[in-house]
Amino acid sequence: MPELPEVELARRYLEDHVLGRRISRVKVLDEGILEGVGPEALREYLMNLSFTAAKRHGKQLFLELEERGCLTLHLGMTGGLSFSAEDGPPAKHDRLLLDFEDGGQLVFNDQRKFGAISYSPSKRRYIMQKHLGPDALMISRRDFVERVGSHDRAVKTTIMDQHVVAGIGNLYSDEILFQARVHPMVLSSSVRSRGLGRMRDIVRTVLQASLQVGTDFSQLPRGFMLRDRSAGAPCPRRNGRLESLVVGGRTAFICPSCQPSP
DNA sequence: AGTACCACCTGACGGC
DNA sequence: TGCCGTCAGGTGGTAC
């Protein structure tokens, strides 16, 4: 599920559960989720330390360590984190376990193994190294207009490009473009600056609305297409029915009346 | 600077 | 019940 709002919830969850606990065991159940690190190196890196802060940039999570860089986590498509006071038998698709000295345990579970765990000297370094764009909730209007407007490709593809702006995925891009009344295939370079400025405000509105309802789409305000994002579903503005199309290899949902094709 | 396609991996769902 | 194709919200690589 994870796009920016889901990852932000995970960040808050980590903040509430793992900060200040001393790591007493690192168990890698599947090396496939480690990115550029061996299980032994990861174990050495984390052992006997504790996390001091949980941070996020776009869809990327960072658990900072006392004086020693940070653990980086990406949830991929199916990744999730859970903390429990007592450790039980590993569940299906559990990939990494961190035990804490006080008995608690953090589990990283990821069915499809598109998630990634690594470590880095700092959040800043990691963002630079991966060439991630500004966070979708932090980006200024001016920056958004300039970055999105400078690409000659479908606007949906552009706003989902993590190098342009970090945090927007397939689902939220549909909602943003629906709210902005812009067809996903419109070239982002052809949207006027005013339109892009408005779009960046809509990005905030949409992501914050989702956060407010704890990413439970059924609780989103009326007028949000994510409440029922499916072909044939009624347009939330009552302008017809939603249709699907493929843009940049991803399935997009639009209201053909609200979002006229270019 | 774009695109299209493939890959990673697992499971759910519909048709036969 | 089983087999098969298709699809899924992520990213990254390659070839054009």
Side-chain angles (χ1 to χ4, degrees), chain A residues 1-10 29-36 56-61 72-81 90-96 108-118 120 126-127 129-133 135-136 146-178 184-191 203 206-207 209-211 213-218 220 224-233 242-254 262:
Chain A
M1 329 155 214
E3 297 182 44
L4 190 150
E6 290 79 9
V7 177
E8 173 59 18
L9 289 192
L29 301 174
D30 188 327
E31 291 186 33
I33 50 132
L34 299 185
E35 189 180 59
R56 180 191 60 72
H57 184 93
K59 304 174 190 172
Q60 188 68 44
L61 283 168
T72 68
L73 305 108
H74 195 291
L75 303 180
M77 218 131 98
T78 53
L81 295 157
K92 200 170 187 184
H93 308 132
D94 282 356
R95 309 296 181 192
L96 175 72
F108 179 80
N109 183 289
D110 183 17
Q111 181 204 130
R112 289 176 70 185
K113 297 207 261 187
F114 292 170
I117 291 177
S118 186
S120 171
Y126 188 88
I127 291 166
Q129 189 198 325
K130 293 270 184 174
H131 306 290
L132 294 177
D135 181 82
E146 189 177 311
R147 297 180 75 96
V148 175
S150 66
H151 292 269
D152 289 319
R153 60 176 156 168
V155 62
K156 178 180 173 71
T157 310
T158 304
I159 64 173
M160 283 175 62
D161 184 340
Q162 304 302 299
H163 307 300
V164 175
V165 48
I168 302 168
N170 198 26
L171 293 192
Y172 289 103
S173 68
D174 276 354
E175 184 68 62
I176 289 158
L177 295 174
F178 172 72
M185 299 253 269
V186 166
L187 295 185
S188 53
S189 54
S190 74
V191 181
V203 168
V206 166
L207 298 179
S210 177
L211 272 173
V213 296
T215 73
D216 178 351
F217 292 170
S218 70
L220 286 169
F224 274 64
M225 97 159 6
L226 288 178
R227 287 162 52 104
D228 185 3
R229 176 184 175 271
S230 60
L242 304 187
E243 287 178 4
S244 71
L245 68 161
V246 174
V247 181
R250 310 302 301 275
T251 303
F253 287 85
I254 60 161

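The chains referred to below are lettered A, B, ... by the order of the sequence lines, with proteins before strands, and numbering in each begins at 1. Please read these numbers as outputs of a predicted model, since none were measured by experiment.
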Base, sugar-phosphate alone, or nothing: which one does A/S188 contact when heavy atoms must sit under 4.0 Å apart?
-> nothing
Using atom C1' of each nucleotide, how far apart are C/dG10 and B/dA1 to the nearest Å?
-> 23 Å
Applying side-chain contact (heavy atoms from CB on, under 4.5 Å), run through A/L9 and A/L211 and close with a yes or a no.
-> CA-CA 8 Å; A/L9 289 192; A/L211 272 173; 4.0 Å; yes
Between A/T78 and C/dA8, does any side-chain N or O lie under 4.0 Å from OP1 or OP2?
-> no
A/D110 to A/L75 - nearest heavy-atom pair and separation | OD1-O, 4.2 Å
Determine, step by step, whether A/L81 and A/L61 satisfy the side-chain contact (heavy atoms from CB on, under 4.5 Å) criterion, reporting the C-alpha distance in whole Å, the side-chain angles of both residues, the deciding distance to 0.1 Å, and the verdict.
-> CA-CA 11 Å; A/L81 295 157; A/L61 283 168; 3.9 Å; yes
With rounding to whole Å, what would you report as the distance between B/dT3 and C/dG9 at their C1' atoms?
-> 23 Å
Apply salt bridge (charged side-chain N to carboxylate O under 4.0 Å, His left out) to A/R153 and list each qualifying residue two or more places apart in sequence or on a separate chain.
-> A/D161
Can you name the closest pair of heavy atoms from A/S218 and A/D216 and give their distance?
-> OG-OD1, 2.7 Å
Chain A reaches DNA chain B, atoms under 4.0 Å from its heavy atoms, from B/dG2 to B/dG11
Closest heavy-atom pair and its distance - A/G167, A/Q162 | N-OE1, 2.9 Å
Determine the minimum heavy-atom distance between A/V247 and A/A154, stating which atoms define it.
-> CG1-CB, 3.7 Å
Of the non-hydrogen atoms in A/D135 and A/G58, which two are nearest, and what is the gap between them?
-> OD1-N, 2.7 Å
Looking at residues at least two apart in the chain, or sitting in another chain, which of them share a side-chain hydrogen bond (donor to acceptor under 3.5 Å, both in side chains) with A/K156?
-> A/N170, A/S173, A/D174
Provide the distance between the two P atoms, one in B/dC9 and one in C/dC3, to the nearest whole Å.
-> 22 Å
How does protein contact run along nucleotides 10-16 of chain C, one letter per nucleotide 5' to 3', with B for base contact, S for sugar-phosphate only, - for none, heavy atoms under 4.0 Å?
-> BBS----
Name all stems that contain residues of DNA chain C, defined as runs of 3 or more consecutive Watson-Crick or G-U wobble pairs, both distances under 3.5 Å.
-> B:2-8 with C:10-16, B:10-16 with C:2-8
Determine the minimum heavy-atom distance between A/T78 and A/R112, stating which atoms define it.
-> OG1-N, 2.9 Å
For A/R95, the salt bridge (charged side-chain N to carboxylate O under 4.0 Å, His left out) test, sequence neighbours excluded, returns A/D30
